Amino acid sequence: MNKQDKNNRPSNFIRNIILEDLKANKHGGKVITRFPPEPNGYLHIGHAKSIVMNFGFAQEFNGRCHLRFDDTNPTKEEQEYVDAIMEDVRWLGYDWGEHLYYASDYFDRFYEYAEQLIKIGKAFVCDLSPEEIRAYRGTLTEPGRESPYRNRSIDENLDLFRRMKAGEFQDGKRVLRAKIDMASGNLNMRDPVIYRIMHVPHHRTGDKWCIYPMYDFAHCLSDSIEGITHSLCSLEFEDHRPLYDWFLDVLEVECHPQQIEFARLNLTYTILSKRKLIRLVEEGVVSGWDDPRMPTISGMRRRGLPPAGIRNFCERIGVAKKESVVDVALLEHCVREELNKTAPRVMGVLNPLKVVIENYPEGQEEELEAVNNPEDPSYGTRMVPFSREIFIEQTDFMEDPPKKFFRLAPGREVRLRYAYFITCTDVIKDEKTGKIVELRCTYDPATKGGNAPDGRKVKGTIHWVSTRHAFEAEVRLYDRLFEHPHPDRAAQDGRTYMDFLNPNSLKILKGCKLEPSLKDLEPGKVVQFERIGYFCADSKDSRPGSPVFNRTVTLRDTWGKIEKRFRKKNNRKQA
RNA sequence: UGGGGCGUCGUCAAGCGGUAAGACACGGGUCUUUGGAACCCGCAUUCGCAGGUUCGAAUCCUGCCGCCCCAGCCA
């Protein structure tokens, strides 16, 4: 019925095209793709979709995927970005092997192709100014007019183009244009500019060139030179495909790749446009491109998202031509799914409440065995210190609990995970504020490890940490960057996406009490704070012996949902 | 009649003339030393709308409607 491959990947239209091409032996049975970023910014989750697709198809069909930097505009590109992009692609788990390329590697060949175009009368040097070119181009509904320079002789065009290359003319004075059709309904075919003069040094070719090819000319030729079979790009290039094909048809090339367009990724509660992300960085809304709230690869890495989870997400969202917005909950689900299998469990108390166990001998302490990962016995166990005074989570105690609250309350017994059953005997409050400052409890020595020999059960199990052994750390709770699921759609009546930022996207907690084993956690490594969520030691702000933690994602919170419903119901009653 | 695309569950998404996969989300339950995980159940009589062809249509035809992209010497 529904075609699925062995890896259970759902069928999609691009895979179907590749499958058909393979069956027809279209490219000699080869699949060669490429990921072609412009090194003018940082990669984000939208690029991850493209990376996973391009490298994924290459792996699936025993082909290969090239990493190619589309560096044809030196005014925007920098080495810093190429380094960052390579790091991100590698971190995502992909390897381009020998196949690292730069469009700038082909500048000589592009130039030769351009001369070839002139020689066959398909290109001309145009002296119109940028404004004039725009005026001559016509509009969406009206045809354009031909440039007065369109019928220069081949010799004159060749001479002029060579002088452009030699640096005889200032920026903007002349361009090379393809001679196609000024009346075409597709504006890209109205004698598009293919070379422009830019006296700007290039991050790789230095000042060797002062003319640079445009995307439409360079991209199809780069693909062709590299023997790409399937050139995947986003929807907005659909209109460029006729031009892509025109160059490859008109020029003498050995390989004519097929351009296929797909819808780019959009995610709820965030934005994925480079221009808009820049604003967040520049206005200091976030700390940088790698702020853990950013949808950038570097941000997600710092936040603790596992590459395998991101890859899985990219495969699960599918590929189609419909413009869509994927629920970020799916990303979070994929992240939890991965982390549940791989993250060691530890105990940490974010908002501590002191508990004194009155019948536990003063000065006594012991170590209790705790499981590191219930999903994987190979993670083993560790010893956690226990003593008379411990911290528990403030939210794990309620003086006057509602039904369904299973945690600690006056007179109620709960289990301390991997330790003992305790019963709350007294609540100590600050005399002035009335705030609960301490709990008094008793423990049952027979329940060591967490089981009662008499078989009695408790409904709640809570985490804890021994006051004497805990260390304090800063923990950063990250949440969605925007409070609106569609910041772009919401923007209207003068309001922009900037007006829908989530004011609580970062909450900094100081003085959190963590179990001692965490003290030397390697930055970047993700652990689960039991019952709370997944956290990693921040790679920038952690110091040896003094880690700072980032919350990667919360655990699924069933109680939170019940509580929310509860509150709603009560509000309705009051109203 | 500028040109090019897209409309299947709240959100993604299969489906390619034989009677609507799956995932996330949501709701309910089992189990549980994480209110985690796991497991079970429920969740589109209908595919933008209207006609037509056919024994049979989400799939073919016609006509509408809605949304997106294109007028950089950006990519």
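For clarity, every value in this text was computed on a predicted model and none was experimentally measured. Every chain is numbered from 1 and lettered A, B, ... according to where its sequence line falls, protein lines coming before strand lines.
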Mind calculating the distance between CG (D216(A)) and P (C70(B)) to the nearest angstrom? 14 Å
Do the numbers put K448(A) on top of the ring of Y420(A), so that NZ or CZ is under 6.0 Å from the six-membered ring centre and no more than 45° off the axis? no
Roughly how many Å apart are A44(B) and G10(B), using the C1' atom of each and rounding to a whole number? 12 Å
Qualifying residues under salt bridge (charged side-chain N to carboxylate O under 4.0 Å, His left out), relative to E132(A), sequence neighbours excluded: none
Side chain of R417(A) (C-beta onward), nearest among U34(B), A75(B), G35(B): U34(B)
Just by distance, with hydrogens left out, do E375(A) and N373(A) show a side-chain donor and acceptor under 3.5 Å apart? no
What nucleotide, of U34(B), U11(B), A75(B), holds the atom closest to the side chain of T72(A)? A75(B)
Is H240(A) touching bases, backbone alone, or none of the nucleic acid, heavy atoms closer than 4.0 Å? base
Just compare G3(B), C73(B), G36(B) and give me whichever is closest to any side-chain atom of M214(A). C73(B)
If you look at every strand shown and take non-hydrogen atoms under 4.0 Å, does L368(A) touch a base, only sugar-phosphate, or nothing? nothing
Got a sec, which pairs hit salt bridge (charged side-chain N to carboxylate O under 4.0 Å, His left out) with one end in residues 175-203 of chain A, sequence neighbours left out? R150(A)-D191(A)
Looking at residues at least two apart in the chain, or sitting in another chain, which of them share a ring-ring contact (aromatic ring centres under 6.0 Å, His included) with F405(A)? W559(A)
If you assign each of L140(A) and T461(A) to its closest nucleotide in RNA chain B, which residue comes earlier from the 5' end? L140(A)
Using a 4.0 Å heavy-atom cut-off, does S129(A) contact any base of the nucleic acid, only the sugar-phosphate backbone, or nothing at all? base
Checking H203(A) now: which residues fulfil ring-ring contact (aromatic ring centres under 6.0 Å, His included) with it, not counting sequence neighbours? none
Any strand counts, and the cut-off is 3.5 Å on both contacts for Watson-Crick or G-U wobble. Which nucleotide pairs with U30(B)? A38(B)
Touch class at under 4.0 angstrom, heavy-atom based, for P374(A) against every strand present: base
Take the protein atom CZ of F161(A) and the nucleotide atom P of C73(B), then report the distance between them rounded to whole Å. 16 Å
May I ask you to say what N12(A) touches in the nucleic acid, namely base, sugar-phosphate or nothing, with a heavy-atom cut-off under 4.0 Å? sugar-phosphate
Closest approach to the side chain of D239(A), judged atom by atom: which nucleotide of A25(B), C26(B), C69(B) is it? C69(B)
Starting at CG of N186(A) and ending at P of C70(B), how long is that distance when rounded to a whole Å? 12 Å
What contact category does K341(A) fall into here, base, sugar-phosphate, or nothing, at under 4.0 angstrom with non-hydrogen atoms? nothing
Determine the contact category for K404(A): base if any of its heavy atoms lies under 4.0 Å from a base atom, sugar-phosphate if only primed atoms, P, OP1 or OP2 are that close, otherwise nothing. base
The ring-ring contact (aromatic ring centres under 6.0 Å, His included) partners of Y81(A) (sequence neighbours excluded) come to Y42(A)
Salt bridge (charged side-chain N to carboxylate O under 4.0 Å, His left out) contacts in which one or both residues fall within residues 320-332 of chain A, not counting sequence neighbours: E238(A)-K321(A), E261(A)-K321(A), E332(A)-R480(A)
Find the partner of U62(B): check Watson-Crick (N1-N3 plus N6-O4 or O6-N4) and G-U wobble (N1-O2, O6-N3) distances, both under 3.5 Å, and reply none if neither fits. A50(B)
Looking at residues at least two apart in the chain, or sitting in another chain, which of them share a ring-ring contact (aromatic ring centres under 6.0 Å, His included) with F124(A)? none
Along RNA chain B (nearest heavy atom to each residue), the more 5'-positioned of T268(A) and R415(A): T268(A)
Roughly how far apart, to the nearest Å, are C55(B) and A14(B) at atom C1'? 27 Å
Hey, which of V89(A), D88(A), I310(A), L67(A) is the one that makes side-chain contact (heavy atoms from CB on, under 4.5 Å) with I51(A)? V89(A)
Base orientation of G22(B), chi within 90° of 0 counted as syn, else anti, reads anti
Students often get this wrong, so: under 4.0 angstrom with heavy atoms, is V319(A) touching a base, only sugar-phosphate, or nothing? sugar-phosphate
Given the P atoms of A57(B) and G52(B), what is the spacing between them in whole Å? 12 Å
Is_stacked (Y215(A), A75(B)) at 5.5 Å, 30 deg: no
Between residues 529-536 of chain A and RNA chain B, which residues have a heavy-atom gap below 4.0 Å? E530(A), R531(A)
Remember a base hit wins even if backbone is also touched, and classify I462(A) as base, sugar-phosphate or nothing at under 4.0 Å, heavy atoms. nothing
Taking the six-membered ring of F529(A) as reference, does the cationic atom of R345(A) (NZ for Lys, CZ for Arg) lie under 6.0 Å from its centre and within 45° of its axis? no
Between E338(A) and Y534(A), do the side chains contain an N or O donor and an N or O acceptor separated by less than 3.5 Å? no
Nearest whole angstrom, please: distance from the C1' of C12(B) to the NE2 of H486(A). 12 Å
Would you classify Q528(A) as touching base, sugar-phosphate or nothing, given that sugar-phosphate means primed atoms plus P, OP1 and OP2, and contacts are heavy atoms under 4.0 Å? base
Side-chain N or O of N16(A) less than 4.0 angstrom from OP1 or OP2 on G15(B)? yes
So what does F237(A) hit on the nucleic acid, given a heavy-atom distance under 4.0 Å: a base, only sugar-phosphate, or nothing? base
Do N186(A) and S184(A) meet the criterion of a side-chain donor-acceptor pair at a distance under 3.5 Å? no
Considering every strand and a 4.0 Å limit on heavy-atom distances, what is the contact class for V325(A): base, sugar-phosphate, or nothing? sugar-phosphate
With sequence neighbours left out, what residues match Y111(A) under side-chain hydrogen bond (donor to acceptor under 3.5 Å, both in side chains)? E115(A)
Starting the side chain at C-beta, find the nucleotide from C73(B), C69(B), C12(B) nearest to V326(A). C12(B)
Is R190(A) touching bases, backbone alone, or none of the nucleic acid, heavy atoms closer than 4.0 Å? nothing
Show every salt bridge (charged side-chain N to carboxylate O under 4.0 Å, His left out) that has at least one partner inside residues 212-225 of chain A, sequence neighbours left out. R34(A)-D223(A), R68(A)-D223(A)
Considering only heavy side-chain atoms of R556(A), the closest of A71(B), G36(B), C74(B) is G36(B)
Between N or O atoms, less than 3.5 Å apart, protein on one side and nucleotides 5-7 of chain B on the other: list the pairs.
from	atom 1	to	atom 2	distance (Å)
G5(B)	O2'	E238(A)	OE1	3.4
G5(B)	O2'	E238(A)	OE2	3.3

If you look at every strand shown and take non-hydrogen atoms under 4.0 Å, does T141(A) touch a base, only sugar-phosphate, or nothing? base
With respect to the side chain of N73(A), which nucleotide from A14(B), A75(B), A23(B) is positioned closest? A75(B)
Phosphate-side-chain proximity, R489(A) and C68(B), N/O vs OP1/OP2 below 4.0 Å: no
Between the protein and nucleotides 39-42 of chain B, are there any N/O to N/O pairs under 3.5 Å, and if so, what are the atom names and distances?
none

Pairing nucleotide - G17(B), Watson-Crick or G-U, each distance under 3.5 Å: none
Any side-chain N or O of S184(A) below 4.0 angstrom from OP1/OP2 of G2(B)? no
What is the distance, to the nearest angstrom, from the NZ atom on K561(A) to the C1' atom on G27(B)? 10 Å
